Asks: 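One structure coming up, written as structure tokens, with questions to follow.
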Amino acid sequence: MANLDLTNTTLDTVVRDALKVCIEEIKTNSKNAGQVATGRTLKSLEWRLNQEGEDFVAQILGRKYFGSLETGRGVYNGGKSNIKQFNENLVAWFKARGIHSEMSDEQLYLEANRLRWYINKYGTRLYQQNGRKDIFTPAVEGFMQTLQEQLIMFFKQQIEDKFIDGFQGFGNSALSV
């Protein structure tokens, strides 16, 4: 992760900048892994930073199954409520990837239904291979490390600024003894 310029900045700016870098790294990692088909998952990524009292709460949000970029989709024994949507998502995925491009929409829907059944019974290939840890895990770890380093520099700068301000006026400052 890149160093942030801390000149004339605030604490929330430091965190916001680090969140932006983290999101971009997640997108890059997913693209480099060849995971992007329709792009909807990466487009759904967003960050939020809220201040609750003196604390900051940072969140990275994405589509419901964002975690499956690293874990894959596991076996599903749930109800039938999401069958249609899952099949439609698979058809969109087929089209985006150019898979079964010779098939009609009706044939694609039937193929999606078969693939949905297989995924629900056995999970995706990524799930069967115990997932991966190279999409958002390193980005979040990098975010935490960068944030720690940047916060140290931020507070160091704040302390230096206060110390120097105390010497302005040679004894006439509220900070001087």
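Because the structure is predicted, anything quoted here is derived from the model rather than measured.
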Asks: Does Q150 reach the side chain of D17, with side-chain heavy atoms less than 4.5 Å apart?
Replies: no

Asks: Mind checking the CD1-OG spacing from I135 to S68? Nearest 0.5 Å is all I need.
Replies: 10.5 Å

Asks: What residues form a side chain to side chain donor-acceptor pair (under 3.5 Å) with Q51, not counting sequence neighbours?
Replies: none

Asks: What about I99 and M103, same hydrophobic cluster or not, with Ile/Leu/Val/Met/Phe/Trp/Tyr joined at side-chain heavy-atom distances under 4.5 Å?
Replies: yes

Asks: Rounded to the nearest 0.5 Å, how far apart are CG of L11 and CG of L151?
Replies: 6.0 Å

Asks: Is there side-chain contact between Q158 and F154, with at least one heavy-atom pair below 4.5 Å?
Replies: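 Answer yes - side chains close enough.
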
Asks: For the CD atom on E54, are there more than 12 heavy atoms of other groups (residues, nucleotides or ligands in this structure) within a distance under 6.0 Å?
Replies: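 Incorrect, the count does not exceed 12.
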
Asks: For T28, check side chain to side chain donor-acceptor pair (under 3.5 Å) against everything at least two apart and list the hits.
Replies: none

Asks: Run the side chain to side chain contact (heavy atoms under 4.5 Å, CB included) check on L42 and K31 step by step: do they pass?
Replies: CA-CA 9 Å; L42 296 185; K31 289 174 187 173; 4.1 Å; yes

Asks: What are the two closest non-hydrogen atoms of E70 and D134, and how far apart are they?
Replies: OE2-N, 3.6 Å

Asks: For Q59, does the CD atom sit with more than 12 other heavy atoms under 6.0 Å from it, leaving out its own atoms?
Replies: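 Count over threshold, so yes.
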
Asks: Mind checking the NZ-CG spacing from K84 to N89? Nearest 0.5 Å is all I need.
Replies: 12.0 Å

Asks: Rounded to the nearest 0.5 Å, how far apart are CG of N32 and CD of E25?
Replies: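 Answer rounded to 0.5 Å: 10.5 Å.
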
Asks: Verify the cluster assignment for I83 and L115: are they in a single hydrophobic cluster under the rule of side-chain heavy atoms below 4.5 Å apart?
Replies: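 Each belongs to a different hydrophobic cluster.
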
Asks: Under a 3.5 Å distance rule, please check whether S30 uses its side chain to pair with a backbone N or O of K27 as donor and acceptor.
Replies: no

Asks: How close do T41 and S44 get, heavy atom to heavy atom, and via which atoms?
Replies: O-OG, 2.6 Å

Asks: Is the side chain of Q35 donor-acceptor paired with the backbone N or O of L69 at a distance under 3.5 Å, no angle test?
Replies: yes

Asks: Looking at every heavy atom in both D12 and L49, which two are closest together, and how far apart are they?
Replies: O-CD2, 3.7 Å

Asks: Would I119 and F86 count as a side chain to side chain contact (heavy atoms under 4.5 Å, CB included) if you check the C-alpha gap in whole Å, the side-chain angles of each, and the deciding distance to 0.1 Å?
Replies: CA-CA 11 Å; I119 290 171; F86 194 1; 4.1 Å; yes

Asks: Sequence neighbours excluded, which residues qualify as side chain to side chain donor-acceptor pair (under 3.5 Å) partners of R116?
Replies: N87, N113

Asks: By side chain to side chain donor-acceptor pair (under 3.5 Å), which residues pair with K156, not counting sequence neighbours?
Replies: E160

Asks: Mind listing the side-chain donor-acceptor pairs of residues 121-131 below 3.5 Å, one per line with the distance, residues two or more places apart or on another chain?
Replies:
unit_1, atom_1, unit_2, atom_2, d
T124, OG1, R73, N, 3.0
T124, OG1, Y127, N, 3.3
Q128, NE2, Y122, O, 3.3
Q128, NE2, G123, O, 3.1

Asks: Once rounded to the nearest 0.5 Å, what's the spacing between atom CZ of R48 and atom CG of L19?
Replies: 12.5 Å

Asks: Just do the side chain to side chain donor-acceptor pair (under 3.5 Å) check on E141 and Q145 with the steps written out, would you?
Replies: CA-CA 6 Å; E141 289 171 353; Q145 181 178 348; over 6 Å; no

Asks: ring-ring contact (aromatic ring centres under 6.0 Å, His included): which pairs involve residues 34-73, sequence neighbours left out?
Replies: F66-F136

Asks: As a quick check of understanding, evaluate side chain to side chain contact (heavy atoms under 4.5 Å, CB included) for I26 and L45, giving each step before the final call.
Replies: CA-CA 9 Å; I26 291 169; L45 287 179; 3.6 Å; yes

Asks: Does the pair V36 and K43 meet the rule for a side chain to side chain contact (heavy atoms under 4.5 Å, CB included), with working shown?
Replies: CA-CA 10 Å; V36 181; K43 287 177 190 167; over 6 Å; no

Asks: At what distance, to the nearest 0.5 angstrom, does NE2 of H100 lie from CD of Q107?
Replies: 10.5 Å

Asks: Write down the atom of A37, the atom of R97, and the distance for their closest heavy-atom approach.
Replies: CB-NE, 3.5 Å

